[in-house]
Novice: 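The following block contains the structure, expressed as structure tokens.
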Amino acid sequence: LYNDAARFFEAAMEFCHDDENVLAHFATTMTKRAAVDSDSFKNAQAYSNKVRRNIVSFESKANPRGIASLLLSLPDLPVFAPVAIECWQAIRRVSPEFFAGTTPRERELRLKQLELVPERFGLCGSASNGRPVFKQTAAEIFRFVLQHC
């Protein structure tokens, strides 16, 4: 069921890649599909590769909202840390101030979501397993949140 839904949302994304409703449902469907399929490392890798293809697509369309939808909908598992980092980097390339929002309410919501990212994917503390890129990304995210709150 989730495979079919994901396929239909992918088709819809070609025509309305910046529609918030489609983005939200697409990211949710991908996440639920991943939750069902991520019982093995192979499936988690396949899901990560699918997210990477979508990052490239959204980045080519200069759509930070689409990339953020992917980032915020990823399952809270350390195995998805590399793709979460790729999402963060792509958002920064497309729209460096995306998470700052355009209104105070939007800023507050986005920053609250962003500040949870390092912990969700084990980018900081002992979960980072001494990987410098994990700690560096966590520091960048925390710095961004602190500068904009």
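The analysis underlying the following values was restricted to heavy atoms, covering all of them including side chains, and did not include hydrogens, waters or symmetry mates. Heads up: numbering here begins at 1 and tracks the sequence.
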Novice: For a quick test of reading the model, state the closest non-hydrogen atom pair linking His148 to Glu97 and the distance between them.
Specialist: NE2-OE1, 2.6 Å
Novice: Would you say that Pro118 contacts Phe142 through its side chain, given a criterion of any heavy-atom pair below 4.5 Å between the two side chains?
Specialist: yes
Novice: Sub-3.5 Å donor-acceptor pair from the side chain of Arg110 to the main-chain atoms of Phe98, do we have one?
Specialist: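 Looks like yes, one N/O pair under 3.5 Å.
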Novice: Do you know the tightest heavy-atom contact between Cys87 and Ile55?
Specialist: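 Here Cys87 and Ile55 meet closest at SG-CD1, 3.5 Å.
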Novice: To check you understand the geometry: which heavy-atom pair defines the closest contact between Pro75 and Phe121, and what is its length?
Specialist: O-CE2, 3.1 Å
Novice: Using the rule that two of Ile, Leu, Val, Met, Phe, Trp, Tyr join whenever any of their side-chain heavy atoms come within less than 4.5 Å, decide whether Val83 and Leu77 are in one cluster.
Specialist: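 In one cluster with Val83: Leu77, yes.
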Novice: Same cluster or not: are Leu109 and Leu111 linked, directly or through other Ile, Leu, Val, Met, Phe, Trp or Tyr residues, by side-chain heavy atoms under 4.5 angstrom apart?
Specialist: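 No, Leu109 does not connect to Leu111 through the hydrophobic network.
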Novice: At their closest point, which heavy atom of Phe80 faces which heavy atom of Ser48, and how far apart are they?
Specialist: CD2-OG, 3.4 Å
Novice: Let me confirm one number: the NZ-CG distance from Lys112 to Leu114, rounded to the nearest 0.5 Å.
Specialist: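 The NZ atom of Lys112 sits 13.5 Å away from the CG atom of Leu114.
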Novice: Minimum heavy-atom separation for Ile67 to Ala90, with atom names?
Specialist: CD1-CB, 3.9 Å
Novice: Does some side-chain heavy atom of Trp88 sit less than 4.5 Å from a side-chain heavy atom of Val117?
Specialist: no
Novice: Is Asn63 reaching over with its side chain to a backbone N or O of Glu59, donor-acceptor style, under 3.5 angstrom?
Specialist: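 No, the answer is negative, given that no donor and acceptor are paired below the 3.5 Å cut-off.
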Novice: So which atom in Arg120 and which in Leu71 form the shortest heavy-atom distance, rounded to 0.1 Å?
Specialist: NH1-O, 3.7 Å
Novice: For the backbone of Thr102 and the side chain of Glu106, can you confirm whether one donor and one acceptor N or O come within less than 3.5 Å of each other?
Specialist: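 Flag set: sc Glu106 to bb Thr102 pair under 3.5 Å.
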Novice: Below 4.0 angstrom, N of the basic side chain to O of the carboxylate: do Glu108 and Arg105 qualify?
Specialist: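 Looking at Glu108 and Arg105, the cut-off is met.
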Novice: Among residues at least two apart in sequence or on other chains, which ones pass salt bridge (charged side-chain N to carboxylate O under 4.0 Å, His left out) with Arg53?
Specialist: none
Novice: Do Arg92 and Phe144 have side chains that approach each other closer than 4.5 Å (heavy atoms only, starting at C-beta)?
Specialist: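 They are in contact (side-chain heavy atoms under 4.5 Å apart), so the answer is yes.
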Novice: Quick one: do Tyr47 and Val79 end up in the same hydrophobic cluster if we chain Ile, Leu, Val, Met, Phe, Trp and Tyr together by side-chain heavy atoms under 4.5 Å apart?
Specialist: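 Same cluster: Tyr47 reaches Val79 through Ile, Leu, Val, Met, Phe, Trp or Tyr contacts under 4.5 Å.
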Novice: Can you hop from Leu116 to Leu70 via hydrophobic side chains spaced under 4.5 Å?
Specialist: no
Novice: Taking atom CG of Leu72 and atom CZ of Arg65, what is their separation to the nearest 0.5 Å?
Specialist: 12.5 Å
Novice: Measure the shortest side-chain to side-chain distance between Pro82 and Arg52 over non-hydrogen atoms and say whether it is less than 4.5 angstrom.
Specialist: yes
